[in-house]
Amino acid sequence: MFFKITKCMLFGTLLMLFGCEKSSTQVDVTQTEVELRALLNIPDHFAIPAIPEENMPTAAKIELGRHLFYDTRLSFNNTMSCESCHEQDKAFSDGVARPVGATGEQLVRNSQGLVNAMYHASFTWANNGFTHIEDQLEVPIRADNPVELGVTEVYADEVLARFDADPAYVQMFADAFPESETGASVNKIIFALASFVRTIVSGDSPFDRFLLGDDNALTDQQKQGFVLFNGEKFECFHCHTGTQLTTSYRDYNTDPANAQNQFFNTGLYNLSSEGDYPAEDQGLFDLTNNPADKGFFRPQSLRNVAVTAPYMHDGSIATLREVIAHYARGGRLIESGPYAGDGRLNPLKSDLVPGFNATDEEIDAVIAFLESLTDESVLTNPALSNPFE
Amino acid sequence: MKLIKIVSIGSISLLSSTQTLAHINTHAEVDDSIQVRGSMTFRTDSIVEQNEAWILPGFLMGGHALPSQDGFELDEVSVSGAKAFDKFRVQGQVSRHSGHEQIDIDHFFITVPFEHELQLQFGQMPGLSTPLMQWHASVGAVADMPLLTSVFFGGHTQDQGVRLMKHFDSNTTLGVEVWQGNDWPSTSDENPVSAFLKQSFTLSNISFDLGAWYMQSAATSRMDDRYGDDHHSTVTPVNAAYMFTGDVDTGGVYADATTVLFNHVLSFHGEYIMQEHDGVLSDTSESSSLNSQITGYLFELNLNNVMTFGYELLSVENTFGSSVSTTFLNNSGLYNQGFEPERFYVSWQKPVFEGLDYRITLIQETLEPEEDELRFNIGATWVFDVI
């Protein structure tokens, strides 16, 4: 009481003279943000993603995209859809090391999960030029080496005619692109698919609930794993940071010039003194032709990682435990066969993969934490499911 | 009568120079000197626990703004000196502060006087915009760093720079400073610029010192590195990975008034500072525009250079840009709805013998929402002139 009275007597008058503002923290929320959060179901603890102005999402585009995603008519021979390699119950991955395309040819890379893909700084496993989902979609739709859906120049008109001949699709294309009087086009398909993929949002895992203040959302073992994950022993966080658990991150506020479009060589292979990876896929090097980029791949988001096995860019590691063993060793040792070599000695390997000694208990804890990243709701969300079933 | 009045005011000025917030002597007429100064304090409580980072909710913090700890602490030991030469003089000070392992060069600068009461100073110098920039535990009324010094200047300034001052008469000083930018709130090579105007006058039997100042600075990828390297490296603030890039403008006014009332010397110091951070805040993945406007008040009332009542208050208005996540916002440490850190203190300081004072302080502060703390300090300060 003494303090309060004295304080008021001595300084109250002066404070009144100067004026005194109450502290506050506010966010300048725009109407666009409010609408995007509602439309894409983006939780408040995620930022708004970067979306190209020419393809702002609408409910009609999303609905069209959802149908196209699950429709095998989007492959040149009516055999495959996007879902063939991106299954909802596997967080939109496919559970195989390397899938096959519509011709039966095996692809060289593992299918990435599509959950929260809208936050990637770049797309595919190693392409620093693909900065939006729209860029990436060109590959599965149009590519001819290897063929995925095979909608090449030769087959494009035939595929588009299927949609123009279906009254339901005619209506959906018209609703999604009301300013256009022409029918289906590959670009419209890409825009609609990108809009649908942006609704594949995972933000309700136990880890999310823990982030939001529910201390009981994680078990003690998972909390121990979280600490190890973010510690300098395991060093996972250097490449798997932030709400999306990857340094390959971009949102609406990210200055494109400063986007962390990072790629790393993790010592998965070492086929020569120059750090070669298997010739069929040398990562970023295949794009840049810069020898220093051999074996450089994008760090994948770890959200729902427990249901997206097998792992790495070529699906060559079957379990999370083996992935951790690879990093604990500081690179993978392949003792025989065409890929024999000690990845730990790869001269291009990242300094962030030095190796470490971990106990079984610690590894169990980190795996338990990774399992806490599974969001059951996104695996079963009806809005993301096959509309033809 | 007139003589008595002049003597009184002269005495008051002398007294006020050693109490509360001290002012560094920047006039050319300084004598050759070597001075040893220090402060040691026993505190009943810490501001935060040893293994915790000190964050005032809502405020960007950094520099050397470390919290005081409980128990005995050697706050500061410093040796300062001045030497006059024919056409210039040299002033310097080395010290060891609590929280630092090594001895720091607080300042080492050269003053070159010119005609027309112009002075050029260059080297490592304390800022002269406000006495809060020159705060030391041994010369303040309290051994604890003022909240305003912590928040606005990250502890204290010891940057390299150049200062040009003009004394228009014995009562008016105008100064302009250009700095390297090594000190909070700036980052290296941003070259902050500051300007200040000081005016002294006497009205009736009250002597006044008024000041107004402004500093324009900027920061690039500035982090809160208080707990890195040579500090308490086991402590990691929750917002350790956050970086601020943008403009930082700071300005303030202050007033000192001293008088004699019923044979008691009464002095007052009041200060108002406002700082605006305008730029981008980012962490390892997310970012947002940020406008942070911080306001601070400090008032001290001193009786007979013995008893001091002080009060500090801080408030902040943070505005983040659109599209930011609540995760990013909460982890930034900048979320603050209605909380205003404040500190009230009563200090008693008297000489044991010449050069050695004991100092007792009672502090009531609110540095966390709804957490009032009452602390008690007892300690000693010493100032000895070697020559």
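The basis for the numbers below is simple: all heavy atoms, side chains too, and nothing from hydrogens, waters or symmetry mates. All values reported here derive from a predicted model rather than from experimental measurement. All chains are named by letter (A, B, ...) in the order of the sequence lines, taking the proteins before the strands, and each is independently numbered beginning at 1.
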Between [atom1] on residue [X] and [atom2] on residue [Y], distance to nearest 0.5 Å:
X         : Y         : atom1 : atom2 : result
Asn330(B) : His45(A)  : CG    : NE2   : 11.0 Å
Ser289(B) : Asp28(A)  : OG    : CG    : 7.0 Å
Ser325(B) : Ile48(A)  : OG    : CD1   : 10.0 Å
Glu317(B) : Thr25(A)  : CD    : OG1   : 9.5 Å
Thr326(B) : Leu212(A) : OG1   : CG    : 6.0 Å
Asp208(A) : Thr327(B) : CG    : OG1   : 8.0 Å

>> Closer than 3.5 angstrom, by distance alone: can the side chain of Ser23(A) be matched with the main-chain N or O of Asn336(B) as a donor-acceptor pair?
In response: no
>> I need the minimum non-hydrogen distance between Gly242(A) and Ser285(B), along with the two atoms involved.
In response: CA-OG, 3.5 Å
>> Looking at every non-hydrogen atom in both residues, tell me the closest pair between Glu340(B) and Lys22(A) and how far apart they are.
In response: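 Of all heavy-atom pairs spanning Glu340(B) and Lys22(A), the closest is OE2-CA, 3.1 Å.
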> Do the side chains of Gln337(B) and Ser24(A) get nearer than 4.5 Å, heavy atoms only?
Replying inline: yes
> Should Gln26(A) and Phe320(B) count as side-chain neighbours, where that means a heavy-atom distance under 4.5 Å?
Replying inline: no
>> Other residues, nucleotides and ligands only: do more than 12 of their heavy atoms fall within 6.0 Å of OH on Tyr335(B)?
In response: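 Check fails, neighbour count at 12 or below.
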>> Is Phe328(B) in contact with chain A via its backbone, its side chain, both, or neither, using a 4.5 Å heavy-atom distance?
In response: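 Nothing of Phe328(B), per the 4.5 Å heavy-atom cut-off to chain A.
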>> At a 4.5 Å cut-off on heavy atoms, which part of Leu329(B) comes close to chain A: side chain, backbone, both, or neither?
In response: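 Side chain only.
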>> Does any backbone or side-chain atom of Asp44(A) lie under 4.5 Å from a heavy atom of chain B? Answer side chain, backbone, both or neither.
In response: both
>> Does any backbone or side-chain atom of Tyr252(A) lie under 4.5 Å from a heavy atom of chain B? Answer side chain, backbone, both or neither.
In response: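 When you check distances to chain B, only side chain atoms of Tyr252(A) fall under 4.5 Å.
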> Do you know which of Val280(B), Leu290(B), Thr319(B) has the most heavy-atom pairs under 4.5 Å to chain A?
Replying inline: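 Answer, by heavy-atom pair count under 4.5 Å with chain A: Thr319(B).
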> When you look at Asn253(A) and Ser323(B), which way does the side-chain contact (heavy atoms from CB on, under 4.5 Å) test go after all the steps?
Replying inline: CA-CA 7 Å; Asn253(A) 287 323; Ser323(B) 308; 3.9 Å; yes
>> With chain B as the partner, which of Thr246(A), Thr241(A), Val29(A) has the greatest number of non-hydrogen pairs under 4.5 Å?
In response: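 Looking at each of Thr246(A), Thr241(A), Val29(A) in turn, Thr241(A) comes out on top.
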